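A short write-up of the structure that comes next.
Just so we're on the same page: letters track the sequence lines, and every chain starts at 1. The analysis underlying the following values was restricted to heavy atoms, covering all of them including side chains, and did not include hydrogens, waters or symmetry mates. Bear in mind that the values here come from a model prediction, so they are computed numbers and not experimental data.
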Number of protein chains: 2
Amino acid sequence: MGISERKEREKAEREQRIIGAARMLAEQDGWSSVTVRRLAQEIEYSQPVLYAHFESRDAIVGAVALEGFGELGPVLRASVRRSASPAEAMEDVAMAYLEFAFERPALYEAMFVLPTGLRFAKSDTPQSLRDTFGAMMAVVEPFCANAEVATEAFWATLHGLAELERDGRIREAFRKERVIHIINKLTQKS
Amino acid sequence: MGISERKEREKAEREQRIIGAARMLAEQDGWSSVTVRRLAQEIEYSQPVLYAHFESRDAIVGAVALEGFGELGPVLRASVRRSASPAEAMEDVAMAYLEFAFERPALYEAMFVLPTGLRFAKSDTPQSLRDTFGAMMAVVEPFCANAEVATEAFWATLHGLAELERDGRIREAFRKERVIHIINKLTQKS
DNA sequence: AATTACATCTAGCGATGCTAGATTGTCAAT
DNA sequence: ATTGACAATCTAGCATCGCTAGATGTAATT
């Protein structure tokens, strides 16, 4: 039965090519230019083939988002300097989060702005996203009684900073100042 | 020369009807169902007429956003309880901001998520948006040295809370807890 | 060899945003 | 009053989008 396995392998490969093409095109020309036709052309198949892999265009965006979730957690963990104080660790994570958002704007957009058909409220939250949340909680915990609530708030702050800066509502030049200010406040005991 | 004035008046009126229809349809069925054809039908004109008023569909979204900016500032100012302490004032503004976002999700989306073609970084920021920023700065100022940076951070936090809660990434039930936690931190002196 | 099942494509549907060109209506000048 | 110019408005259509039904070719099964 090596044949069906080969087919499965090929299918998985093709699926990855779709996701890769979508991500590349999005990062290059923005998500609006990621069309099903363009993707089909990129993987050298006709359009209906894409629908054998994904239910809709949104689902493709979702697959890219999922890839992003798989990367963000490790990036955050790796960002913490060795022998950093708890407050420094928090600052490292904050800066790393923002750099992630600005260096891969299309990926970040897929993860947090575009409709992807992914569900989060329930238990079907992808493990990689749970990990990301965990990475943030690790640096928030030392300073807060209710770590979960505090992490949600921390995350929201970072997301807001990323979004408002991305479309020019707050001044790019003051990114570091804002982070310093916030970390300073959040690491006060109360 | 009353004629041309009447025409101008009628044109302004029609423009307002377009904006109103867009806002209503968006709040009712989401922005994706606000199409130029639907709007034309709503105001009982053909589609090209809309392009005599707005350069593109995005510009219509922008006009709705602008209307929203005109409302958010006053809402925030009015939210501060009489004889509230500085910390309480900050909490009032935070809660009012979130309630604004959740009670008029489509309006908020137009203001802060959708592409609108509006510019913000420069001096052409609409006055109403400056006012909104001012309303937030007023409650942040007592607690921070660099009020501008602190306000940007505060605003970002609120925006992040609104966005993450809107698509189910953080728990709706803990909204108040998150706000309390944040206000508690931000109002510590440092 | 005939038939079934599967993989893939061609062609097209109903939308979308937007626009060129025809058509109507409204005034001013003769 | 008639005509002509100008502005307002509409009809009709383009290119593109996401998506899919039905045709076509290919491989596996009987």
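Atom CD of A:E10 and atom C1' of D:dT26 are 14 Å apart (whole Å). One interatomic measurement links the two molecules: CZ of A:R37 to P of D:dT16, which rounds to 10 Å at whole-angstrom precision. In this structure, A:Y45 atom OH and D:dT20 atom P are separated by 21 Å, rounded to whole Å. One interatomic measurement links the two molecules: CD1 of B:I43 to P of D:dA8, which rounds to 15 Å at whole-angstrom precision. Rounded to an integer number of Å, the gap from CZ of B:R38 to C1' of C:dG17 is 17 Å. Nucleotide D:dT9 holds its C1' atom 16 Å from the OH atom of B:Y51, rounded to whole Å. Atoms CG (A:L50) and C1' (D:dG18) sit 11 Å apart, rounded to a whole Å. One atom, CG of B:L39, and another, P of C:dG17, lie 8 Å apart when rounded to the nearest Å.
For B:Q47 against D:dC10, no side-chain N or O and base N or O form a donor-acceptor pair under 3.5 Å.
Near DNA chain D, meaning a heavy atom under 4.0 Å from it, residues 18-35 of chain A has A:V34, A:T35 in order of number.
A salt bridge links A:E71 with A:R23: the distance from a Lys NZ or Arg NE/NH1/NH2 to an Asp or Glu carboxylate oxygen falls below 4.0 Å. The pair A:R171-B:E152 counts as a salt bridge, with a side-chain nitrogen and a carboxylate oxygen less than 4.0 angstrom apart.
OP1 or OP2 of C:dT8 has at least one side-chain nitrogen or oxygen of A:R14 nearer than 4.0 Å.
At least one cation-pi condition fails for A:R166 and A:F102: the charged atom is not both under 6.0 angstrom from the six-membered ring centre and inside a 45 degree cone around its axis. The cationic group of B:R14 lies under 6.0 Å from the six-membered ring centre of B:Y45 and within 45° of the ring axis, placing it in a cation-pi geometry.
You'll find that the side chain of B:R57 is closest to C:dC18, out of C:dC18, D:dT20, D:dG18.
By the neighbour-count criterion of 12 heavy atoms within 6.0 Å, atom CD of B:Q127 is densely surrounded, having more than that number from other residues, nucleotides or ligands.
Here the CD atom belonging to B:Q188 is positioned 10.5 Å from the OG1 atom belonging to A:T187, to the nearest 0.5 angstrom.
A continuous path of ILVMFWY side-chain contacts below 4.5 Å connects B:V61 to B:F100, so both sit in one hydrophobic cluster.
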